Structure formats: C-alpha cells, structure tokens
Amino acid sequence: QVQVVESGGGLVQAGGSLRLSCAASGSDFSGNVIGWYRQAPGKEREFAAVVSPTSSMRWYTDSVKGRFTISRDNAKNTATLEMNSLKVEDTAVYYCVAGTYVGLIRSSSYVDYWGQGTQVTVSS
C-alpha cells in the first residue's frame with residue numbers, strides 16, 4: 001500500500017519551468033510504478049508521464065514529450081516531474097499516482113493510488 005502527496009505547483013510564465021514533487025509512504029514504494037496525470041478545467045483527467053520501479057522505462061504523452069522529465073529516488077521515497085518550456089495549455093491540476101504495471105497505469109482504470117493534486121497555472 002502506497003500513499004502519495006504532491007507539491008510544487010504554482011504560477012509560472014509561458015516558457016518557464018516548474019518542478020513538482022511527490023512524497024510517498026507505505027509498504028512498497030520501490031515496487032510501484034509512479035506517474036503523473038493532469039486535469040485541465042472542464043476536461044477529463046489525462047495521463048502525462050510514468051516511470052517504472054527501477055527507472056528503466058519512462059513514457060510520456062505526446063503533448064509533453066521532450067519538455068517534461070519524470071524521475072524517482074527510491075531511497076528517499078520521492079518522485080519528481082520537471083516541466084520545462086511550459087505552455088498555457090499545460091495549465092491543469094497535476095496528480096501523482098501509483099500503480100503496479102507501467103504499461104497499464106497509462107489508463108486511469110489501472111491507477112491504484114491518487115494524490116490530492118497540485119495546481120499549475122501557466123500565463124502568457
């Protein structure tokens with residue numbers, strides 16, 4: 001069982017950067033897939049990024065690929081999402097998530113644990 005709490009959201013100018021953090025607790029953080037979802041106003045939650053337990057695999061949705069980097073530190077039970085070259089359309093609530101399988105967690109149906117969300121607002 002894993003609990004995740006995310007932080008680091010805020011207001012940033014387009015083209016700028018933010019780093020989101022996810023602090024985890026529970027019995028098996030290192031064995032879990034960790035990812036990020038986001039939800040823009042009036043939109044469905046969408047998959048953004050995921051990293052496998054040993055960081056051997058990282059997948060990103062096409063809209064953030066090349067701009068966002070997901071990483072994790074199993075010794076510290078933390079994960080991060082570094083966001084660069086931010087665009088106005090990146091504005092959303094971002095959720096740290098955890099699950100069992102890196103391939104399946106790209107579908108919200110297979111997310112086992114959700115954080116409470118942190119707001120990211122990108123202004124022009």
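In this text the structure is predicted, and so the values were computed from the model without any measurement.
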Engineer: When clusters are formed by joining ILVMFWY residues with side-chain heavy atoms under 4.5 Å apart, either directly or through shared neighbours, do V50 and V97 land in the same one?
Structural biologist: yes
Engineer: Between T91 (side chain only) and V122 (backbone N and O only), is there a donor and an acceptor less than 3.5 Å apart?
Structural biologist: yes
Engineer: Evaluate the criterion side-chain contact (heavy atoms from CB on, under 4.5 Å) for residue pair T78 and S21; output intermediate values, then yes/no.
Structural biologist: CA-CA 7 Å; T78 59; S21 296; over 6 Å; no
Engineer: Please say whether more than 12 non-hydrogen atoms of neighbouring residues, nucleotides or ligands are located less than 6.0 Å from CD in Q39.
Structural biologist: yes
Engineer: At their closest point, which heavy atom of W36 faces which heavy atom of C22, and how far apart are they?
Structural biologist: CZ2-CB, 3.8 Å
Engineer: Decide whether L81 and V12 are clustered together by the hydrophobic rule: side chain heavy atoms of Ile, Leu, Val, Met, Phe, Trp, Tyr closer than 4.5 Å, transitively.
Structural biologist: yes
Engineer: Measure from the ring center of W59 to the ring center of F47 and say whether it is less than 6.0 Å.
Structural biologist: no
Engineer: Does the structure place the NZ or CZ of R72 under 6.0 Å from the centre of the six-membered ring of F29, at an angle of no more than 45° from the ring's axis?
Structural biologist: yes
Engineer: Closest approach of A98 and V4, non-hydrogen atoms and distance?
Structural biologist: CB-CG1, 4.5 Å
Engineer: State plainly whether one hydrophobic cluster holds both Y95 and V33, where clusters connect Ile, Leu, Val, Met, Phe, Trp and Tyr through side-chain heavy atoms under 4.5 angstrom apart.
Structural biologist: yes
Engineer: Honestly curious: do W114 and L104 fall in one hydrophobic cluster under the side-chain, below-4.5 Å linking rule?
Structural biologist: no
Engineer: Please check if the side chain of N74 supplies one atom and the backbone of P53 the other of a donor-acceptor pair under 3.5 Å.
Structural biologist: yes
Engineer: Does the side chain to side chain donor-acceptor pair (under 3.5 Å) test come out yes or no for S7 and T118, once each step is laid out?
Structural biologist: CA-CA 6 Å; S7 62; T118 186; over 6 Å; no
Engineer: Determine the sole option in E46, E89, E6, E44 for which the salt bridge (charged side-chain N to carboxylate O under 4.0 Å, His left out) test with R38 is passed.
Structural biologist: E46
Engineer: For residues L86 and R67, report the shortest heavy-atom separation together with the two atoms involved.
Structural biologist: CA-NH1, 3.8 Å
Engineer: Quick one: CZ on R19 to CG on N84, what's the gap to the nearest 0.5 Å?
Structural biologist: 8.5 Å
Engineer: V111 and Y113: same hydrophobic cluster, using ILVMFWY side-chain contacts below 4.5 Å?
Structural biologist: no
Engineer: What heavy-atom pair brings Y60 and F68 nearest, and what distance separates the two atoms?
Structural biologist: CE2-O, 3.3 Å
Engineer: Roughly how far, to the nearest 0.5 Å, is OG of S17 from CE of M83?
Structural biologist: 8.5 Å
Engineer: Does any N or O in the side chain of R58 come within less than 3.5 Å of the main-chain N or O of I70, such that one atom is a donor and the other an acceptor?
Structural biologist: yes
Engineer: What verdict does the side-chain contact (heavy atoms from CB on, under 4.5 Å) test give for D112 and T100, after you've listed the backbone C-alpha separation in whole Å, the side-chain angles of each residue and the deciding distance to 0.1 Å?
Structural biologist: CA-CA 8 Å; D112 294 325; T100 303; 3.3 Å; yes
Engineer: Report yes or no: does Y110 contribute a side-chain atom to a donor-acceptor pair with the main-chain N or O of Y101 at less than 3.5 Å?
Structural biologist: no
Engineer: Quick check: closest heavy atoms across L18 and G8, and the distance to 0.1 Å?
Structural biologist: CD2-O, 4.0 Å
Engineer: Can a salt bridge be assigned to the pair D62 and K65 using a cut-off of 4.0 Å between side-chain N and carboxylate O?
Structural biologist: yes
Engineer: With rounding to the nearest 0.5 Å, note down the distance linking OG in S30 to CG in N77.
Structural biologist: 7.5 Å
Engineer: What closest approach, in Å, do C96 and I34 show between heavy atoms, and which atom pair accounts for it?
Structural biologist: SG-CG2, 4.0 Å
Engineer: Can you tell me how far CD1 of I105 sits from OG of S52, rounded to the nearest 0.5 angstrom?
Structural biologist: 11.0 Å
